[in-house]
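As C-alpha cells, the structure follows; a few thoughts come after it.
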Amino acid sequence: MDQTETSYTTDSSTPQDGSYWTSVLLVGGIFSLVAFVINIAFGYMQITSEPSGSFVTPMTMSGLVVCLATCIAGMVTVWHYTRDVTPHIKLGRGALVGFLTGGVIVLASAVLNELWLFIDPDYTEKILDSVVANVEMMDMPADAREQMIDSMAAGIRDTSILQQLAWGIPITGLLNLLTGMLGVKLFAAKEEETI
Amino acid sequence: MQYSHLYIGILIGLTGLFLLSLGNGVWDRPAAYDSWNYQMFVGVCHQLPERSFTINGVPMAVNARCFGIFTALLAGWILMPAILRSGCNFRAAGTVLTLAVLIQIGDYMAGQFTVWNSSNFSRFLMGAILGAGFVYMVADQFRGQNNNQSKTQDYGSDRNKLHHR
C-alpha cells in the first residue's frame with residue numbers, strides 16, 4: 001500500500017543554488033522584445049487603417065496582447081529557472097524573480113521604444129493622428145469623445161524613460177511578482193515521501 | 001501561516017494598486033490622463049472611459065475588468081488567513097483558475113462576435129472571478145508548517161499501523 005505526501009519545497013535547507021539573473025534577463029529580454037514587436041506591428045496597422053469609429057482598434061488589440069504577454073513573464077521566468085538552474089525554489093524567490101522580470105520588461109521596452117524613434121521620428125505623431133481620427137468617427141457625446149482622445153493620446157504620448165520606468169515598474173513588477181508565485185506553485189519541485 | 005513578510009508586502013502592494021485604480025474621482029478631482037496615477041496603468045489597461053466605472057462622474061484609472069481583478073485580488077488577500085485557518089481544500093485550485101481564464105476568453109470572444117453585449121458590471125464580475133481564482137491558486141503556499149506537520153503526523157500514524165501489521 002503506497003501513500004504519497006506532497007508538499008512544496010519550503011524547507012530552509014532546500015538547495016537554491018545558482019543565480020536567477022540569467023533567467024530574469026533572458027525571459028525579460030525576450031518578452032520585452034516580443035511586446036515591442038507586437039506594439040510596433042499593431043501601431044503601423046493602426047496608422048495604415050481607415051478610421052472606423054470602432055472601440056476595437058489595432059492599438060487596443062495590441063494593448064490586450066501585450067498586457068497578457070507581459071503579465072505571464074514572471075511565471076515563465078520561474079519555469080526557466082526551475083529547468084535551467086534548480087527545480088527547488090522558494091515562494092519568496094519566485095516572487096522576487098517575477099518582480100525583477102517585470103522591471104526588466106519595462107526597462108527594455110522603454111529603451112526599444114526610444115530607439116525606434118531614431119528610425120521613425122514621426123511614429124508617435126502618426127499614431128496620435130490615426131487614433132484621434134478614429135475616435136472622431138465614434139458616435140458618442142462630445143465630452144466623452146474628448147475624454148477618450150485624452151485617454152488614448154496619453155497612452156501613446158512620448159514620455160521620458162525615467163517617467164516610463166517610475167510609472168511602469170511598480171505595476172508591471174507587482175503583476176509579475178504574482179505570476180512568479182504562480183510559477184513556483186506550478187513548476188517548483190515537490191518533495192515526495194513514499195510511505 | 002508562513003511567508004508572513006511576503007504576505008504583508010503583497011497586501012500593501014495590492015492596497016496601493018486598488019487605491020490608485022480608483023482614479024481622481026475619489027479625491028474629487030477631474031480625470032487627468034497625463035497624471036501619474038493614470039499613466040501607471042497605461043501599459044496594462046486600455047483605460048477606455050466608456051468601459052470604466054466612474055466615481056463622482058470621473059472615470060477610474062482602469063477599466064471595469066481590471067478593477068474587478070484588482071478588487072478580488074485585494075479582497076482574497078485580506079481573507080487569505082481566515083481561509084487558511086478554515087482548513088479549506090485547495091485541490092480544485094488549478095481547475096478553478098483555468099476556468100476563470102477560459103471565462104475571460106469566452107466573455108471577450110462573445111463580445112467580439114456579438115453573441116452577447118457585456119456590461120461594465122459583467123466585465124467587473126468576470127475580472128473578479130479571475131482575481132479570486134488566482135488567490136485560491138496560490139493561497140495554500142502560505143499555509144503554515146503546522147498544517148504540513150499534522151499531515152505528516154497522520155501519515156506517520158498510518159506508517160505505524162502498517163508496521164504493526
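None of these values were measured; they are calculated from a predicted model. Lettering of chains follows the sequences in order, A, B, ..., and the numbering in each one begins at 1.
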Is the closest side-chain heavy-atom distance between [X] and [Y] below 4.5 Å?
X       : Y       : answer
N24(B)  : Y38(B)  : yes
W167(A) : V106(A) : no
D140(B) : K185(A) : yes
I161(A) : E114(A) : yes

For [X], which atoms come within 4.5 Å of any heavy atom of chain B: side chain, backbone, both, or neither?
X       : answer
L178(A) : both
L177(A) : side chain
L182(A) : both

> Just by modelled atom types, is the G29(A) backbone N or O under 3.5 Å from a matching donor or acceptor in the S32(A) side chain?
Replying inline: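 Yes.
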> Is a side-chain N or O of W77(B) found less than 3.5 angstrom from the main chain of Y7(B), in a donor-acceptor match?
Replying inline: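 Such a contact is found between W77(B) side chain and Y7(B) backbone.
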> Going by residue number, which parts of residues 98-105 of chain B are within reach of chain A, meaning a heavy-atom gap below 4.5 Å?
Replying inline: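 Within residues 98-105 of chain B, near chain A: nothing under 4.5 Å.
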>> Which atoms of L97(B) are under 4.5 Å from chain A, going by heavy atoms: the side chain, the backbone, both sets, or neither?
In response: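 Answer is side chain: those atoms of L97(B) sit under 4.5 Å from chain A.
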> Who wins among T179(A), L175(A), L174(A) for the most heavy-atom pairs under 4.5 Å with chain B?
Replying inline: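 Most heavy-atom pairs within the cutoff with chain B belong to L174(A).
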> Run the side-chain contact (heavy atoms from CB on, under 4.5 Å) check on V76(A) and F187(A) step by step: do they pass?
Replying inline: CA-CA 10 Å; V76(A) 177; F187(A) 306 121; over 6 Å; no
> Given Q141(B) and F90(B), is the side-chain contact (heavy atoms from CB on, under 4.5 Å) satisfied, shown in steps?
Replying inline: CA-CA 10 Å; Q141(B) 296 185 93; F90(B) 292 97; over 6 Å; no
